[in-house]
Amino acid sequence: MPELPEVETVRTGLSRSWKGRRIDGVDLRRNSLRFPFPENFEEQLVGRVIVDIRRRAKYLLIDLDDGNVLLSHLGMSGKWTLDASECEGKHDHVVLLLDDGSISVYNDPRRFGVLDIFDGISHKLLDHLGPEPLELWDCEDLFSKLKNRKSAIKIALLDQKVVVGVGNIYACEALYKSKISPQRLSCNISIDECRTLVREIRIILTEAIKAGGSTLKDFANVDGTLGYFPHQFKVYDKEGNMCGCGGIVERLIQGGRSTFWCSSCQK
DNA sequence: ACACTAACCTGCAAGC
DNA sequence: TGCTTGCAGGTTAGTG
């Protein structure tokens, strides 16, 4: 899935064509994704006007005119297509008919995504989330969350209680830019290194948003065009490539997931 | 409270 | 050509 920049790009796209639209029809092709859809899912949506689309971490929050909120998480492979010309694809799970006659389709081959409706106040998937990296967040906050942890820093950066929005790609890239080994213990990261990490994470996420999200095989912008720039990654999926320092990009497994790094310049 | 694993799914690429 | 294996952007539930 999309990490924070990609979700933000999707938010922008959805915002442009959904804001002010009334939902005239909902077609569910199955009864669950990662979790079962809520009771009366269609009835709760039909007739509602979409007021705004916000983002919290990697979750899209679609504000409805009755105060309820449609929550959408894209999982690893979820995709919204707006103004869709067809909706009979194998993994087209949810179709929305809008009052301008357009249809929006949620497609998700792996079905790790989530669609739910809640009151806008509290949701179990949102309640434990840590700080937004592009809002109020600083090195003291990061340092305080790392100081009692014995897990590797790479693992900690993926923990959404430490900071939200950072996924496997940007965790690797941020550690590389910060010249910090992904295997360092979180509790051994200094306050100065936290300052560097906060700065680099912000730079990377901001640049990726500016680039319009990124593009991977499962990800497409809401208009169907690809939007990621894999070639701009310095280490992610670059095993064997020469690093600028003369070292070689290596791959290791942490928490069951690939980490890409340069052992020559990341200490 | 933290650390670690397994689990949820399908699709694709590489290797035999 | 097929089969098998491993891997993929995320997150939670369960165990110790």
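Throughout, a chain's letter reflects where its sequence line sits, starting with A, and its residues are numbered from 1.
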Report yes or no: does A:Glu250 contribute a side-chain atom to a donor-acceptor pair with the main-chain N or O of A:Glu239 at less than 3.5 Å? no
Are more than 12 heavy atoms, taken from residues, nucleotides or ligands other than A:Arg30, located less than 6.0 Å from that residue's CZ atom? yes
Rounded to whole Å, please give me the gap between CG in A:Asp108 and P in B:dG11. 11 Å
Give me the atom names and distance for the closest heavy-atom approach of A:Cys87 to A:Val95. CB-CG2, 3.7 Å
Between A:Asn40 and A:Glu43 (side chain of the first, backbone of the second, donor and acceptor by atom type, cut-off under 3.5 Å), is there such a pair? no
A:Asp92 CG - B:dT10 C1' separation (whole Å): 14 Å
I want to check one thing: is the phosphate of C:dT11, taken as OP1 and OP2, less than 4.0 Å away from some side-chain N or O of A:Lys58? yes
How about A:Trp261 and A:Ser181: does a side-chain donor come under 3.5 Å of a side-chain acceptor? no
Rounded interatomic separation in angstrom, taking CZ from A:Phe260 and C1' from C:dC7: 10 Å
Taking Watson-Crick and G-U wobble contacts under 3.5 angstrom, with | marking pairs to another strand and [ ] crossing pairs, the secondary structure of DNA chain B is written .|||||||.|||||||
Give me the distance, rounded to whole Å, that separates C:dG14 from B:dC9 when you measure between the P atoms they each carry. 15 Å
Quantified in whole Å, what is the P atom distance between nucleotide C:dG6 and nucleotide B:dA6? 14 Å
Check whether more than 12 heavy atoms from other residues, nucleotides or ligands sit under 6.0 Å from atom CG of A:Leu136, and answer yes or no. no
Could you tell me if A:Lys58 sits above the aromatic ring of A:Phe112, with its cationic atom closer than 6.0 Å to the ring centre and no more than 45 degrees from the axis? no
Measure up the A:Tyr106 and A:His93 rings against each other and bin them: parallel (under 30°), tilted (30 to 60°), perpendicular (over 60°). tilted
Does a side chain donor of either A:Ser190 or A:Asp192 reach within less than 3.5 Å of an acceptor in the other side chain? no
Among the nucleotides C:dA8, C:dG9, C:dT11, which one has an atom lying closest to any side-chain atom of A:Arg251? C:dA8
May I ask you to decide if the ring planes of A:Tyr236 and A:Phe233 are parallel, tilted or perpendicular, using 30° and 60° as cut-offs? perpendicular
Enumerate all atom pairs, one protein N or O and one N or O from nucleotides 1-4 of chain B, separated by less than 3.5 Å.
residue : atom : partner  : partner atom : Å
B:dA3   : OP1  : A:Lys150 : N            : 2.5
B:dA3   : OP1  : A:Ser151 : N            : 3.1

Could you state the CZ-P distance from A:Arg34 to B:dT10, rounded to the nearest angstrom? 15 Å
Is A:His91 close enough to B:dG11 that one of its side-chain N or O atoms is under 4.0 Å from OP1 or OP2 there? yes
If you only use heavy atoms from C-beta on, which nucleotide in C:dG9, C:dT11, B:dG11 is closest to the side chain of A:His73? C:dT11
With a 4.0 Å cutoff (strictly under), does any side-chain N or O of A:His128 reach OP1 or OP2 of C:dT11? no
For the base of C:dT11 and the side-chain ring of A:Phe112, does the geometry meet a stacking cutoff of under 5.5 Å between centres and under 30° between planes? no
Is there a residue in residues 178-187 of chain A whose heavy atoms reach under 4.0 Å of DNA chain C, and which residues are they? none
Output yes when at least one side-chain N/O atom of A:Lys79 is less than 4.0 Å from OP1 or OP2 of C:dG9, else no. no
Could you give the CD-to-C1' distance, from A:Gln160 to C:dG10, as a whole number of Å? 8 Å
Phosphate OP1/OP2 of C:dG10 contacted by A:Arg257 side-chain N/O (<4.0 Å): yes
Round to a whole Å and report the spacing from CG of A:Leu4 to C1' of C:dG10. 14 Å
Where A:Ser77 and A:Asp108 come nearest, the two heavy atoms and their spacing: OG-OD1, 2.7 Å
Counting only heavy atoms not in A:Asn31 (residues, nucleotides, ligands), do more than 12 fall under 6.0 Å from its CG? no
Rounded interatomic separation in angstrom, taking NZ from A:Lys124 and C1' from C:dT12: 8 Å
Just call it for A:Arg111: base, sugar-phosphate, or nothing, with non-hydrogen atoms closer than 4.0 Å on any strand. sugar-phosphate
Might you confirm whether atom CD of A:Glu86 has over 12 heavy atoms from other residues, nucleotides or ligands at distances under 6.0 Å? yes
Is it the case that C:dA8 (base atoms only) and A:Arg110 (side chain only) share a donor and an acceptor within less than 3.5 Å, ignoring hydrogens and angles? yes
Interatomic distance where NE2 belongs to A:His123 and P belongs to C:dT11 [whole Å]: 14 Å
